[in-house]
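One structure is given below, encoded as structure tokens.
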Amino acid sequence: MNYECTKNIAEKYKDFIDFALSVSDSIAFHIVHYDILSPEMLKMREDYQKSHPEESSDNIVVNHEYYEKMAKIIKPIEEAIISKENAFSYLGYGYGYLCETYIIDAQHPSVRKLLLIADSMFGWKYPDLPEDVSFFRQGKCWLRNVAHENMMFFENITNYEFELLCKIGVELYPDE
């Protein structure tokens with residue numbers, strides 16, 4: 001069954017992470033490069049500049065501090081990285097910016113510690129952390145997180161998993 005959740009589960013975040021890791025073989029997150037626009041975003045920007053010539057929109061700034069912070073977060077889990085990809089999408093969803101996507105071995109000993117640097121699932125966002133940590137089993141995403149929207153999407157969870165998630169305090173609603 002598929003569900004969605006919009007309630008932050010900060011109170012029992014550690015319990016949630018323990019559950020999620022127990023049923024996952026990998027996790028994913030991405031580092032967004034807001035200074036590298038997709039072709040579609042470049043076109044929109046160009047069109048905007050043409051219709052608003054009085055406005056200067058040449059203000060793309062490379063946030064070196066953010067990239068340095070992300071490098072420090074990645075360093076302790078380097079051995080757990082399964083793959084890394086640069087694309088203008090994340091988990092099949094188009095993005096207006098370059099996404100540096102990491103797939104991480106969920107069973108590696110360093111991963112739990114990494115996941116606990118956030119205070120909740122909705123804490124996984126720019127500028128403090130990589131964005132939208134999500135969980136996989138058997139190569140398929142069972143929990144997709146959209147942190148800046150305060151939304152999580154659960155796919156193909158069993159009745160037993162549903163019950164466990166509810167006990168942790170996750171409020172699940174059927175995904176229509």
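Worth knowing before you read on, the calculation uses all heavy atoms, side chains too, and leaves out hydrogens, waters and symmetry mates.
A distance-only check finds a donor-acceptor pair linking the side chain of Tyr90 to the backbone of Ala28 [under 3.5 Å]. The backbone N or O of Gln138 sits less than 3.5 Å from a side-chain atom of Asp25, completing a donor-acceptor pair. Within the 3.5 Å criterion, the main-chain N or O of Pro127 finds a donor-acceptor partner in the side chain of Lys69. Judged by distance alone, the side chain of Glu131 and the main-chain N or O of Ile31 form no donor-acceptor pair under 3.5 Å. A donor-acceptor contact shorter than 3.5 Å is absent between the side chain of Asp15 and the backbone of Ile168. The closest donor-acceptor contact from the side chain of Asp132 to the backbone of Ala147 lies under 3.5 Å. A side-chain donor-acceptor contact under 3.5 Å links His108 to the backbone of Ser110. Between the Asn156 side chain and the Met1 main chain, no donor and acceptor come within less than 3.5 Å of each other. No donor-acceptor pair closer than 3.5 Å links the side chain of Ser24 to the backbone N or O of Ser26. Distance alone, capped at 3.5 Å, is enough to place a donor-acceptor pair between the Gln107 side chain and the Leu21 backbone.
Taking the ring centre of Phe154 as origin, the terminal cationic atom of Arg144 falls outside the region bounded by 6.0 Å and 45° from the ring axis.
Lys50 has a carboxylate O that lies under 4.0 Å from a charged side-chain N of Glu46, or vice versa, which qualifies the two as a salt bridge. With salt bridges taken as basic N to acidic carboxylate O contacts below 4.0 Å, none links Lys14 and Asp18.
Between Trp142 and Phe135, the ring-plane angle classifies as tilted under the 30° and 60° cut-offs. Between Phe16 and Phe19, the angle of the ring planes lies from 30° to 60°, which puts this pair in the tilted group.
Checked against the 6.0 Å centroid threshold, Tyr95 and His30 count as a close aromatic pair. Centroid-to-centroid, the aromatic rings of His33 and Tyr67 come within less than 6.0 Å. Taking the six-membered ring for Trp and the full ring otherwise, the centers of Tyr3 and Phe162 sit less than 6.0 Å from each other. Close placement of the Phe29 and Tyr102 rings is indicated, their centers lying within 6.0 Å of each other. Remark: aromatic rings of Tyr34 and Tyr66 are distant, center separation not under 6.0 Å.
The shortest side-chain heavy-atom distance between Lys84 and Glu100 falls under the 4.5 Å cut-off.
Using a 3.5 Å distance cut-off with no hydrogens or angles, the side chains of Asp35 and Tyr97 do not pair a donor with an acceptor. For the 3.5 Å distance criterion, the side chains of Asn145 and Ser134 fail to qualify, holding no donor opposite an acceptor.
Every side-chain hydrogen bond (donor to acceptor under 3.5 Å, both in side chains) that Tyr13 has, sequence neighbours left out, goes to Trp124.
The salt bridge (charged side-chain N to carboxylate O under 4.0 Å, His left out) analysis of residues 159-174, with sequence neighbours excluded, yields the pairs Lys7-Glu171, Arg137-Glu161.
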